[in-house]
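This report concerns only the one structure given below.
Start at 1 and go down the list; that is how both ligands and their atoms are numbered. Side-chain atoms are counted along with the backbone in the values below, which use heavy atoms only and exclude waters and symmetry mates. All figures in this text were calculated on a predicted structure; none of them were measured in a lab.
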Amino acid sequence: MCGIVGYIGERQAQPILLNCLHRLEYRGYDSCGIAVLGGAVEIYKDAVRVKALANTAPSLNGIAGIGHTRWATHGEPSQANAHPHCDCTGKIAVVHNGVINNFQKLRQQLASEGHNFVSETDTEVIPHLIEKYYDGDLAKAVEAALHEVEGSYAIIALVSGESRLVVARKDGPLVIGVGDRENFIASDVPAMLDYTNRVIYLEDDDIGIVSPDNIEVRRHGVEVDRKEHKISWSVEDAQKAGYEHFMLKEIHEQPKVIRDTIAGYVSATEKGADLALLGDVGLEGMLILACGTSYHAALIGKYILEELVRVPVKAELASEFNYYGHTPVRSRAIVITQSGETADVIKTIRRMREAGCWVVAVTNVVGSTASRIADQIIYTRAGPEISVAATKSFIAQLMALYWLALPYSKIDIRKLDNLITGLRQLPGKVQQVLDNESAIAELARQLASCENVFFIGRGINFPVALEGALKLKEVSYIHAEGYAAGELKHGPFALLGSNTPVVAIVAQDNTYEPMLTNIKEVKARRSPVIAVVEEGDEVIGELVDSVITVPKVDAIFSPVVNTVALQLLAYYTAKHRGCPVDFPRNLAKSVTVE
Ligand code: G6P
């Protein structure tokens, strides 16, 4: 969480910093600020969004600067707590993403040495530590300061009198963008795509010294070589392309995302489904770990693998798994993380690897921490996902899981062929759901005035109910709960009634009959029911208040079409309620703290 940016070159820094920050807002957006290095260091910051800051900011003259967009951890969103933070002299400014664990101790120590603190943040100790060690060489002072710091960080520092920026990272994302007589720094690639597609990824403990025409990377005082990479994402990928919100654009990109993700695996294996992406690792005894929406993909992955490969699989929340207190006994794990930066997931990967496990990371971000520390990487090809609510990255994760399972499948060869055909038809099926958008938008009007909504599903569609509820609550602020349909009567029934709609996800598999029973039970408690049903179903329509029809697919692929329908339902409900769809309050896209 939090986004940091830096610029040094020949152009005025302020507009570039603000533009990059605007693109990074998905990482946090409760306050923001910039520092520009002219004759002196000038700072402008406030507890507002980037656009508002840009509207009120005075013109700060300078060709180097840093910026920050915040997701508060230490201290409420306020002007004082917004970054950049300064030392006592106001000559050193720092932006930081991460958490300094020992900041209390450092702060007391620095205060006793005469340093004056003006914010509640953990970050503020960093410029003061740099000040303590500064004797004319910013890079050396940063290195000495970070020696005392425990925790995670990606930082950019500047000092008046030196025309260079110093960057450092440990367990926090940081990318240097390479330009022509100018260089950029950002937490993430999409922030810089307007200016460059050439990037250098720093490793943990690296310190970068960035000037307009040079990038030097040092590790423990010794210069190291860090290769330049070319990014295939385009500027358009990170723009709204005429859609009102990124979430809607990203929902609509899903047919392409499915195609691209599958095509990537076909070219990786060359023979398509004949070759396993996992090589000799296999899927026996797999543990799947993730957080948030990715955890729902993990849960669906468990159903996919158990159904097709017939091996027991466990899906766990990374944030819980990390505190089991015993060494994992399983020898392989798949971790799923869109960003590749989620702190709990990164901790899981490290923990599993230390215990000698083989860890496969399914991630969407090339060069992310997960991609650098896992034993094997399987990329999803969703392109940059900007909206805080994950949509296309989730569907791409499901594609990765199908593609992983199919080659190991123990099902009849004819059925396997049908499934591979079915998988390839999914882009068209998802397009059919998207074509039904206006009907779903109309239904969303009914939900928009509700306070509570339940989502129910069974089997492979139980995680879809969880995801449908998560999407609705995060973007529309309506309290929503996902439940296994059979469990609703064990408590939540007490909340049912005419003001509490239930969204029932009905698949054409062995759960169909019990779902019918569950829907009847709900109707008997007067709750309005919206059912997501497969086309051609003439039974459910008679029982429920409204239906969302999705195209016919094999039941194992039903989470794909059903989820897309629920994404649209959540999006339009939030839109009808006038919510800030792409940037829901209190949330952030990349959660880099535990
Ligand atoms: C945040 C995002 C969610 C995402 C979760 C896990 O909470 O808002 O959309 O599902 O983090 O992120 P990851 O990048 O690990 O998939």
Side-chain angles (χ1 to χ4, degrees), residues 1-3 24-30 71 73 97 171-173 187-190 245-247 250-251 257 288-301 315-322 333-350 359-371 373-374 377-380 382-401 463-464 466-475 477 482 563 566-567 570-571 574 580-594:
M1 16 246 322
C2 299
L24 269 188
E25 268 191 306
Y26 65 89
R27 302 182 66 85
Y29 35 86
D30 55 40
W71 186 88
T73 56
N97 170 30
D171 295 337
S187 301
D188 214 340
V189 169
H245 296 104
F246 279 111
M247 183 178 177
E250 288 160 5
I251 290 172
V257 165
I288 317 181
L289 296 137
C291 296
T293 287
S294 299
Y295 171 64
H296 297 154
L299 286 174
I300 293 172
E316 302 275 353
L317 286 164
S319 53
E320 284 298 307
F321 181 76
N322 289 339
I334 299 172
V335 295
I336 307 179
T337 170
Q338 183 279 130
S339 62
E341 302 294 350
T342 302
D344 289 312
V345 177
I346 299 304
K347 188 166 182 167
T348 295
I349 301 177
R350 294 211 161 103
V359 181
V360 182
V362 175
T363 184
N364 195 42
V365 181
V366 177
S368 58
T369 303
S371 76
I373 64 174
I377 314 149
I378 293 176
Y379 285 113
T380 50
E385 188 177 66
I386 310 293
S387 182
V388 166
T391 53
K392 62 176 180 170
S393 62
F394 173 80
I395 294 298
Q397 289 164 352
L398 296 189
M399 292 308 119
L401 290 162
V464 174
L466 297 177
E467 177 58 11
L470 178 65
K471 243 19 9 141
L472 187 70
K473 77 182 108 182
E474 64 185 330
V475 298
Y477 307 155
T563 303
L566 297 183
Q567 293 167 349
Y571 171 79
V581 177
D582 287 331
F583 301 102
R585 67 183 174 217
N586 301 335
L587 302 183
K589 182 134 196 87
S590 177
V591 182
T592 52
V593 291
E594 272 188 66

Flag side-chain contact, heavy atom, 4.5 Å: Ile346 against Ile373: yes
Between Lys471 and Thr293, does any side-chain donor sit less than 3.5 Å from a side-chain acceptor? yes
Side chains of Met247 and Val475 in contact at under 4.5 Å (non-hydrogen atoms): yes
Measure the spacing between OG of Ser393 and CD of Glu250 and express it to the nearest 0.5 Å. 8.0 Å
Ion pair check, Arg350 and Asp171, cut-off under 4.0 Å: yes
Are Glu341 and Thr369 linked by a side-chain donor-acceptor pair shorter than 3.5 Å? yes
Close N/O pairs between ligand 1 and protein, under 3.5 Å:
unit_1	atom_1	unit_2	atom_2	d
ligand 1	8 (O)	Val388	O	3.4
ligand 1	8 (O)	Ala588	O	3.1
ligand 1	9 (O)	Val388	O	3.2
ligand 1	10 (O)	Thr293	N	2.9
ligand 1	12 (O)	Thr342	OG1	3.3
ligand 1	14 (O)	Thr337	OG1	3.4
ligand 1	14 (O)	Gln338	N	3.4
ligand 1	14 (O)	Ser339	N	2.8
ligand 1	14 (O)	Ser339	OG	2.6
ligand 1	14 (O)	Thr342	OG1	3.4
ligand 1	15 (O)	Thr337	OG1	2.7
ligand 1	15 (O)	Thr342	OG1	2.5
ligand 1	16 (O)	Ser294	OG	2.5
ligand 1	16 (O)	Gln338	N	2.8

